[in-house]
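Side-chain atoms are counted along with the backbone in the values below, which use heavy atoms only and exclude waters and symmetry mates.
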Amino acid sequence: MDFAGSHILSVDQFERADIERVFDVADSMAPYAHRHRITRVLEGAILGNMFFEPSTRTRVSFGCAFNLLGGEVRETTGFESSAISKGESLYDTARVISGYSDIIAMRHPAAGSVAEFAAASRVPVINGGDGANEHPTQALLDLYTIRKEMRHRGREIDGLRLAMIGDLRYGRTVHSLSKLLACFERVHLSCIAPAELRMPAEIVELLRARGHTVVESDAMENSIAHVDIAYSTRIQEERFASRDEANLFRGRYRLNQAIYTQFCEPNTVIMHPLPRDSRAEANELDPDLNENPNLAIFRQTDNGVLVRMALFAMVLDVVHLVNRYESRVSWYTGKRFTE
Ligand code: NCD
């Protein structure tokens, strides 16, 4: 695909070569993301960062990525502080904000809303999550992390054995990641979920139609025994009719060090899009895994900045200019980033 000037709304837009191009550009962003050098390539550009659902890392990393390229960020968070709470339509909001910005990142609770907004926008729009539908930038950063983790083990994405655990029905990250994986070869996907929260059938069918193996189960322990990656997820409480309904599933799957040691192959990578629900009744990824070197969750979040920088540079068509606008860092940079 041609990234320049395009909206990024769904992983359906990508072919394998597009994904690999994003990853190569993300690699080239490391000196800037890691504060070894500065670039001002987007000086004067403005990101409209519009988040109508709770977010910590997606919102902040979109903003940081844009700042690290030299651009400015203006944002609105929540419906209460937006004119949408006065009855304004997505169309009008899109017309207005796209007049102020050069590119927009947006999260919204309704599936399809970001595409509706993009249709009215005068600048490119990047989907930061639309309801239970899609989360393309998270899927790219997840797969980018998977590629790095596997390469450290002398492997590639092709032939990957991955388990997704938890709320596979409402989890938009697993929907987008599964569709991205379908672009690769010989993936073995183990979907571990209660019957009520299974992966949507059309995604399972898509993977199978492309020759991948999908196994569905409602039990975790044996299903994580022979995987390269165990990808845990949070019960998406906000998509259920009530908290009581979500409580039926909360805490169903809990991965901790004892279970990891007993069931997983050595060096199985543990991932989670975050936030992990650390309340006692949930605790899907126990803090006793924090010292496990195979816990990749904070490598994922660091990688999110690289991938979002890559997307901004590609959509605004400045990849070839990034190092022309660079300079040295003048402050103390003792911060350690995970490679
Ligand atoms: C996810 C999301 O918002 O879909 N978080 C994220 O963006 N990293 C997952 C979640 O909220 O459980």
Side-chain angles (χ1 to χ4, degrees), residues 1-14 18-19 21-22 25 41-55 57-141 172-173 175-176 179 304-305 307-319 321:
M1 71 173 272
D2 186 6
F3 281 83
S6 294
H7 302 303
I8 307 289
L9 300 174
S10 162
V11 294
D12 294 340
Q13 293 171 251
F14 305 134
D18 304 316
I19 300 164
R21 170 119 178 87
V22 173
V25 177
V41 71
L42 290 185
E43 186 155 31
I46 294 177
L47 165 70
N49 211 17
M50 322 258 314
F51 274 70
F52 297 113
E53 266 195 330
S55 172
R57 71 223 84 237
T58 306
R59 179 172 59 83
V60 176
S61 69
F62 266 123
C64 287
F66 208 74
N67 287 152
L68 285 164
L69 290 167
E72 299 264 349
V73 182
R74 291 288 171 271
E75 63 186 19
T76 157
T77 51
F79 287 113
E80 324 72 53
S81 62
S82 154
I84 290 182
S85 67
K86 298 181 180 175
E88 186 167 66
S89 66
L90 275 180
Y91 175 91
D92 285 5
T93 307
R95 299 301 292 175
V96 172
I97 299 298
S98 62
Y100 301 155
S101 332
D102 299 278
I103 188 164
I104 292 170
M106 181 177 172
R107 168 174 291 187
H108 191 284
S113 55
V114 182
E116 182 188 336
F117 182 94
S121 171
R122 296 178 265 170
V123 298
V125 175
I126 301 183
N127 184 358
D130 63 321
N133 185 34
E134 278 234 30
H135 196 343
T137 64
Q138 179 72 37
L140 285 167
L141 79 86
R172 54 195 171 197
T173 74
H175 300 163
S176 292
K179 291 200 270 177
V305 174
V307 166
R308 294 187 170 112
M309 288 176 79
L311 289 171
F312 286 136
M314 293 167 84
V315 171
L316 295 176
D317 201 15
V318 293
V319 174
L321 297 174

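Between atom CG of residue L47 and atom OG of residue S101 there is a gap of 7.0 Å, rounded to the nearest 0.5 Å. Distance OG/S121 to CE/M106: 10.0 Å, rounded to 0.5 Å. Going from atom CG of N127 over to atom NE2 of H108 covers 11.5 Å, rounded to the nearest 0.5 Å. Once rounded to the nearest 0.5 Å, the distance linking CG of N67 with CZ of F312 reads 9.5 Å. Here the CG atom belonging to D317 is positioned 7.5 Å from the CG atom belonging to D2, to the nearest 0.5 angstrom. Rounding to the nearest 0.5 angstrom, the gap separating the OH atom in Y100 from the CD1 atom in I46 is 11.0 Å.
Using a 4.5 Å heavy-atom cutoff, the side chains of L141 and R308 are in contact. Taking the side chain as every heavy atom from C-beta outward, H7 and I126 never approach each other to under 4.5 Å. In this structure the side chain of N133 never reaches within 4.5 angstrom of the side chain of H175, judged on heavy atoms. At least one side-chain heavy atom of T137 sits less than 4.5 Å from a side-chain heavy atom of L311. At a threshold of 4.5 Å between non-hydrogen side-chain atoms, the residues V318 and L42 count as touching. Using a 4.5 Å cut-off on side-chain heavy atoms (C-beta onward), L69 and E43 make no contact. F3 places a side-chain heavy atom less than 4.5 Å from the side chain of M1.
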Enumerate, atom names and distances included, each donor-acceptor pair closer than 3.5 Å involving a side-chain atom of residues 71-80, sequence neighbours excluded.
| residue | atom | partner | partner atom | Å |
| --- | --- | --- | --- | --- |
| E75 | OE1 | N49 | ND2 | 2.9 |
| E75 | OE2 | R59 | NH1 | 2.7 |

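Judged by distance alone, the side chains of S10 and E134 do bring a donor and an acceptor atom under 3.5 Å apart.
Put simply, the residue from L316, I8, V125 that forms a side chain to side chain contact (heavy atoms under 4.5 Å, CB included) with I103 is L316.
At least one cation-pi condition fails for R107 and F51: the charged atom is not both under 6.0 angstrom from the six-membered ring centre and inside a 45 degree cone around its axis.
Applying the 6.0 Å contact sphere to CZ of R21 captures no more than 12 heavy atoms from other residues, nucleotides or ligands.
The minimum heavy-atom distance between A120 and Y91, with the atom names listed, is CB-CD1, 3.4 Å. Nearest heavy-atom pair, L9 versus P136, reported as atom, atom and distance to 0.1 Å: O-CG, 3.7 Å.
Looking only at distances, a side-chain donor or acceptor of S98 sits under 3.5 Å from a matching main-chain atom of A94. For the pair H135 (side chain) and D130 (backbone), a donor-acceptor distance under 3.5 Å is absent. Side chain of R122 to main chain of R95: a donor-acceptor pair is present (N/O by atom type, distance under 3.5 Å, no hydrogens or angles). The closest donor-acceptor contact from the side chain of E53 to the backbone of A110 lies at 3.5 Å or more, if one exists at all.
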What do the steps show when you test T173 against Q138 for side-chain hydrogen bond (donor to acceptor under 3.5 Å, both in side chains), and what is the final call?
CA-CA 6 Å; T173 74; Q138 179 72 37; 6.0 Å; no
